[in-house]
Amino acid sequence: MPVYHLMEDRFRTALRRFLGERYGLDLPVAIERPPRLELGELATPIAFELARRLRRAPRQIAQEIASGLGPIEGVARVEVAGAGYLNAFLDRAQFFELAQELARGTAPAAASAASKVIVEHTSINPNKAAHIGHLRNAVLGDTFVRLEHFAGRPVQVQNYIDDTGVQVADVVLGFLHLERKSLEDVRRLAAEPQPRPNGAPESGKPDSGARRFDYLCWDLYARVTEFLEADPARLELRAQTLRAIEEGVGAESELAGIISTAILRSHLRTMDRLGIRYDLLARESDILRLHFWDAAFRQMTSRGVITRPATGKYAGCWIMALGDAPAEEGAEAEAKVIVRSSGTVTYVGKDIAYQLWKFGLLGLDFHYRTFSRYPDGSAVWTTASEDGEPNVPEFGRAREVYNVIDSRQAYLQNVVSAALRALGFEAAAAHSVHFSYEMVALTPRCARELGYELSAEDTQRPYVEVSGRRGFGVKADDLLDKLESAARAEVDARHPEDSEAVRAPIARAIAIGALRYFLLKYTRNTVIAFDFHDALSFEGETGPYVQYAIVRARNIFRKLAEQEPNPAPAPPAAAPGQSISALSAESRAKLLAGPEGDEFWELLLLAGSLGSQAAAATASQEPAFVAKFAFQLAQSFSVFYHRHHILSEADPVKKAFLVELVGFVASQLVAALALLGIEAPEKM
RNA sequence: GCGCCCGUAGCUCAGGGGAUAGAGCGUCUGCCUUCUAAGCAGAGGGUCGCGGGUUCGAAUCCUGCCGGGCGCGCCA
């Protein structure tokens with residue numbers, strides 16, 4: 001357990017024990033951070049709460065607790081302040097020692113298979129290039145995965161691929177009827193090598209896009225939408241195409257396979273640029289072919305979860321009742337259609353079957369095959385309908401499932417958990433989490449910059465929605481390219497002496513840092529109004545600001561090694577966490593006292609709070625907390641860096657102490673960025 | 001009509017019962033011969049949408065308005 005978190009825990013435990021022994025009370029104790037350092041490091045307003053119950057003045061109660069509490073390990077003293085706050089002051093030197101000790105042994109807690117977590121994210125329809133909205137989904141999901149992993153829980157990452165849906169059908173229809181391409185034509189287009197396999201920008205200019213298959217489909221999809229809107233009779237064409245794909249027959253089905261697989265590969269490539277990886281690609285076509293729905297249907301009918309009314313507006317459909325209050329006489333009860341009167345299943349129906357599978361409650365399983373491998377050899381698996389490979393890891397059977405889906409689908413996600421609950425799977429229903437977030441929209445200004453025409457009404461709005469259907473939005477790779485060339489220009493200006501091989505990865509790390517931080521700094525339920533000005537910024541509250549703080553810290557170690565090549569008081573950049581000087585506890589305590597010591601202490605305390613910040617982020621499923629923390633710590637470090645010149649410090653003991661402090665802070669900054677999926681370059 | 005979310009500095013957002021409400025951007029003024037100025041320091045900027053209520057204490061909880069967003073299909 002990280003150090004600040006541990007101290008919180010000890011303080012809380014001591015308080016609860018005292019409350020129980022003295023007053024016979026068992027109540028939750030809120031621990032907070034006092035507003036100023038003079039008031040200590042931990043505080044609780046518990047005396048106010050007790051004042052009501054005990055009918056005594058809060059200050060008097062606080063006094064009683066403070067004197068009766070007894071010693072707490074790591075806490076120097078407890079004081080009463082204000083109208084009745086209890087403030088704890090930590091033993092600073094001990095905190096520092098403990099913090100470094102704990103930071104060194106970072107082996108995550110033994111992962112227990114019983115607590116397996118599935119996180120599903122990305123899940124882009126495989127019929128067009130990924131856009132900025134998809135990036136928010138993937139980055140949030142991926143960061144949550146990192147947080148779960150950090151907490152020591154086994155996580156499996158799934159990406160749901162709707163390869164038999166309307167969106168793919170539309171592009172199939174487009175190739176066949178608008179483009180009049182043959183199967184072979186499309187196969188050739190789809191097989192065309194990507195111009196930038198590793199995402200390196202060509203001469204700083206975004207790729208023209210004309211050749212890229214995912215970009216080509218992006219445009220075609222928009223044209224198909226127009227084509228279908230122009231004459232509603234054409235919808236029959238779509239219905240036919242969709243039916244053929246679902247049944248797995250004809251050229252339509254084969255085309256759907258070619259298109260969805262090629263697009264999926266480009267999505268994986270795009271996400272790989274951002275450090276986002278998957279364990280399993282779960283394909284809709286396999287859910288259909290393995291008849292998952294039939295198994296779910298049997299469960300739902302046999303337990304009476306869905307019924308088929310003979311009359312009324314739902315006559316002939318299988319419906320699930322929603323809401324517990326029976327509807328008034330005459331009014332239709334609130335219900336959701338699961339099977340249409342035509343006998344076909346709705347989207348939610350399939351989703352219920354899939355959700356049951358995730359918990360191991362369906363009674364059926366997929367076959368599995370290796371889809372591709374990452375450079376390090378780890379496999380991305382895909383579901384299959386037959387011919388599975390042997391020696392497959394166990395998929396599904398999770399205890400908790402997080403579905404990263406935007407907030408517009410809240411209603412449908414509720415229907416899915418309601419179905420699990422109605423089936424009697426209470427625990428699964430309770431652990432089916434809709435990891436909800438708001439969409440990414442464009443500011444009207446940004447939309448105009450992109451050349452989209454806006455209605456007078458849209459211009460007045462705070463933001464306008466992106467629409468893959470209309471081809472309206474910022475493509476993920478275009479944005480990444482833009483960021484990389486902007487970062488590259490900065491790097492070139494600063495490090496003209498370095499070779500291409502040195503500069504390119506730095507620019508890439510900065511671009512990713514800027515993008516991931518930008519998408520993570522907003523809390524989930526805030527609509528991001530996207531604007532190039534903010535997204536392309538490398539200053540202020542941004543990823544590069546945090547990266548820069550780390551680079552500065554590393555420079556200190558680098559220069560230090562040049563100054564004194566032999567003694568190596570602290571190893572440089574590679575492992576800043578393991579600074580081990582022979583500082584005595586007394587020296588540390590002395591340097592952490594007094595006005596200047598307060599300054600160091602504040603920085604140390606903040607750096608030691610990473611664990612509790614990460615825990616808060618995990619508990620509330622809010623990655624933005626980690627982003628905020630990383631920025632605050634970087635900010636505190638920047639101030640410290642500016643005020644204290646370490647290399648020129650004359651006092652060797654103090655110098656060793658400062659080096660140790662910088663090492664610890666840098667290690668926590670690196671760890672915080674790693675949680676966000678951001679790397680710190682060696683220089684920038 | 002019903003449900004969910006939001007309204008905090010000029011702009012974009014944190015804070016979601018507790019001590020003097022914060023940050024970034026933008027504006028203005030300083031600081032590079034010193035570990036990288038992608039930085040630091042300072043100034044200016046607030047009826048926390050409005051009205052009631054609960055509480056020792058409300059930006060935070062309840063309620064009613066006002067304004068904005070998103071859902072609510074035998075689409076996915």
Side-chain angles (χ1 to χ4, degrees), chain A residues 30 32 34-36 39 43-45 48-49 51-52 57-58 81-85 87 125 162 164-167 169 235 242 284 313-319 334 336-348 350-351 406-412 414 436 438-439 441 443 461-463 465 487 490-491 493-495 510 513-514 521-523 525-529 531 533-534 537-549 551-560 562-563 624-625 627-628 631-632 634-635 638-649 658 662 683-684:
Chain A
E32 48 195 52
R36 294 181 310 282
L39 298 171
T44 179
F48 298 109
E49 175 71 26
R52 189 167 30 245
Y85 281 94
N87 294 338
N125 274 300
D162 187 1
T164 52
V166 179
Q167 296 214 16
L235 289 174
L242 184 58
E284 166 96 359
K313 90 172 165 181
Y314 294 129
C317 301
W318 287 94
I319 60 169
E334 201 191 337
K336 177 72 196 162
V337 172
I338 306 295
V339 182
R340 303 181 189 101
S341 54
S342 66
T344 56
V345 199
T346 60
Y347 166 74
V348 228
K350 286 182 270 191
D351 230 34
D406 80 69
S407 63
R408 288 172 290 192
Q409 296 208 43
Y411 168 70
L412 291 173
N414 285 336
S436 164
E438 281 287 348
M439 63 182 170
T443 62
R461 288 166 172 261
Y463 48 76
E465 238 180 288
E490 298 286 334
V491 175
R494 280 158 230 249
H495 301 287
I510 292 168
K521 74 175 179 178
Y522 299 93
T523 50
N525 62 7
T526 298
V527 176
I528 297 180
D531 197 296
H533 176 263
D534 295 332
S537 169
F538 300 146
E539 290 165 18
E541 195 195 336
T542 65
Y545 176 95
V546 183
Q547 291 171 315
Y548 186 62
V551 166
R552 285 174 136 184
R554 286 176 174 167
N555 282 342
I556 295 174
F557 289 111
R558 196 166 37 78
K559 289 271 164 108
L560 205 60
E562 287 166 15
Q563 257 183 20
F625 291 173
K628 292 282 171 196
F631 175 66
Q632 277 170 17
Q635 213 174 20
S638 295
V639 175
F640 164 87
Y641 175 91
H642 186 75
R643 289 165 70 147
H644 304 280
H645 201 271
I646 289 139
L647 293 181
S648 59
E649 175 55 52
L658 292 176
V662 171
K683 61 161 111 172
M684 59 189 281

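Just so we're on the same page: letters track the sequence lines, and every chain starts at 1.
- Rounded to a whole angstrom, the distance from the P atom of B:C40 to that of B:G52 is 43 Å.
- The gap from the P atom of B:G49 to that of B:G17 amounts to 16 Å, rounded to the nearest Å.
- Between A:Q409 and B:A76, a side-chain N or O to OP1/OP2 separation shorter than 4.0 Å is absent.
- Ring orientation note: the planes of A:F48 and A:Y85 are nearly perpendicular, at an angle over 60° on the 30°/60° scale.
- Base pairing annotation: B:G46 forms no Watson-Crick or G-U wobble pair, as no partner gives both donor-acceptor distances under 3.5 Å.
- Nearest-nucleotide positions on RNA chain B place A:G82 closer to the 5' end than the other of A:G82 and A:E539.
- In this structure, the side chain of A:N87 engages the main chain of A:L39 through a donor-acceptor pair within 3.5 Å.
- A close approach under 4.0 Å does not occur between any side-chain nitrogen or oxygen of A:R340 and OP1 or OP2 of B:G73.
- Nearest nucleotide to the A:R408 side chain, out of B:G18, B:A23, B:C70: B:C70.
- When rounded to the nearest whole Å, the span between CD of A:Q635 and C1' of B:G24 equals 9 Å.
- Across all strands shown, B:U20 forms no Watson-Crick or G-U wobble pair with both key distances under 3.5 Å.
- Here A:H645 lies parallel enough and close enough to stack on the base of B:C35, with planes under 30° and ring centres under 5.5 Å apart.
- Among all heavy-atom pairs drawn from A:I646 and A:L658, the shortest one is CG1-CB, 3.9 Å.
- Contact between A:T526 and A:Y522 at its shortest, heavy atoms only, is CG2-CD2, 4.1 Å.
- In this structure, A:Q632 reaches neither bases nor backbone, as no heavy-atom distance under 4.0 Å exists between it and the strands shown.
- Separating the NZ atom of A:K336 from the C1' atom of B:G3 is a distance of 15 Å, rounded to the nearest angstrom.
- Atom CZ of A:F538 and atom P of B:A38 are 13 Å apart (whole Å).
- Looking at the side chain of A:H642, the nearest of the listed nucleotides B:G69, B:C40, B:A19 is B:C40.
- Residue side chain A:F631 fails the stacking definition with respect to B:A23, as its ring centre and the base's six-membered ring centre are not both under 5.5 angstrom apart and under 30 degrees in plane angle.
- Residue contacts shown for A:L412 include a base, since a base heavy atom lies under 4.0 Å away.
- In this structure, A:Y85 reaches the bases: a heavy-atom distance under 4.0 Å links it to at least one base atom across the strands shown.
- If you check every strand for non-hydrogen atoms under 4.0 Å, A:V551 touches a base.
- For B:G57, there is no paired base (Watson-Crick or G-U wobble, both distances below 3.5 Å).
- If you check the side chains of A:N555 and A:R552, you find no donor sitting under 3.5 Å from an acceptor.
- Anti is the glycosidic conformation of B:C62, whose angle departs from 0 by more than 90°.
- As judged by a 4.0 angstrom heavy-atom cut-off over every strand, A:E465 is placed among residues touching the sugar-phosphate backbone only.
- The pairing partner recorded for B:G39 is B:C31, the criterion being a Watson-Crick or G-U wobble arrangement whose two distances lie under 3.5 angstrom.
- The nearest whole Å value for the distance from the CZ atom in A:F48 to the P atom in B:G18 is 12 Å.
- Proximity of A:R461 to the phosphate of B:G69: a side-chain N or O atom is located under 4.0 Å from OP1 or OP2.
- In this structure, A:M684 and A:F538 have side chains that are not in contact, with every pair of non-hydrogen atoms separated by 4.5 Å or more.
- Note on A:A83: nothing from the nucleic acid sits closer than 4.0 angstrom, heavy atoms only.
- OP1 or OP2 of B:C40 has at least one side-chain nitrogen or oxygen of A:Y545 nearer than 4.0 Å.
- No engagement by A:D406 is indicated, since no non-hydrogen atom pair under 4.0 Å with the nucleic acid exists.
- Place A:L242 and A:K683 on RNA chain B by their nearest nucleotides, and A:K683 ends up nearer the 5' end.
- Here the side chain of A:S341 pairs no donor or acceptor atom with the backbone of A:C317 at under 3.5 angstrom.
- Pairing for B:G52 goes to B:C62, judged as Watson-Crick or G-U wobble with the two contacts each under 3.5 Å.
- The side chain of A:T346 lies closest to B:A76 when the candidates are B:C35, B:A19, B:A76.
- Rounded to whole Å, the separation between the C1' atoms of B:C70 and B:C32 comes to 50 Å.
- Rounded to whole Å, the C1' atom of B:U60 lies 15 Å from the corresponding atom of B:G22.
- Whole-Å rounding puts the A:N414 CG to B:G71 P distance at 15 Å.
- Using Watson-Crick or G-U wobble geometry with both donor-acceptor distances under 3.5 Å, B:C2 finds its partner in B:G71.
- When the P atom is used for both B:C5 and B:G15, the distance is 15 Å, rounded to whole Å.
- One can find a donor-acceptor pair under 3.5 Å joining the base of B:A38 and the side-chain atoms of A:R494.
- For the pair A:Y463 and A:D531, the minimum side-chain heavy-atom distance is 4.5 Å or more.
- Within the 4.5 Å cutoff, side-chain heavy atoms of A:I510 are placed close to those of A:Q547.
- Counting non-hydrogen atoms under 4.0 angstrom, A:V546 reaches nothing in the nucleic acid.
- A:Y641 places its OH atom 14 Å from the P atom of B:A41, with the value rounded to the nearest Å.
- Scanning atom types as modelled, no donor and acceptor separated by under 3.5 angstrom connect the side chain of A:R52 and the base of B:U55.
- Judged by distance alone with a 3.5 Å cut-off, a donor-acceptor contact links the side chain of A:S341 to the base of B:C74.
- Below the 3.5 angstrom threshold, one finds no donor paired with an acceptor across the side chain of A:D351 and the base of B:A76.
- On the P atoms, B:C13 is 37 Å away from B:C56, given to the nearest whole Å.
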Footprint string (nucleotides 8-15 of chain B, 5' to 3'): B base within contact, S backbone only, - free, heavy atoms under 4.0 Å: ----SSSS

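- Using a 4.0 Å heavy-atom distance criterion, A:D531 is classed as making no nucleic acid contact.
- The nucleotide whose nearest atom lies closest to any side-chain atom of A:V166 is, among B:A76, B:A38, B:A19, B:A76.
- When heavy atoms are screened at a 4.0 angstrom cut-off, A:A493 is found touching no nucleic acid atom at all.
- Between B:G69 and B:U55, the distance separating the two P atoms is 37 Å to the nearest Å.
- Contact check, A:R552 against B:G39: no side-chain N or O comes under 4.0 Å of OP1 or OP2.
- Across the C1' atoms, B:G44 and B:C2 are found 47 Å apart, a figure rounded to whole Å.
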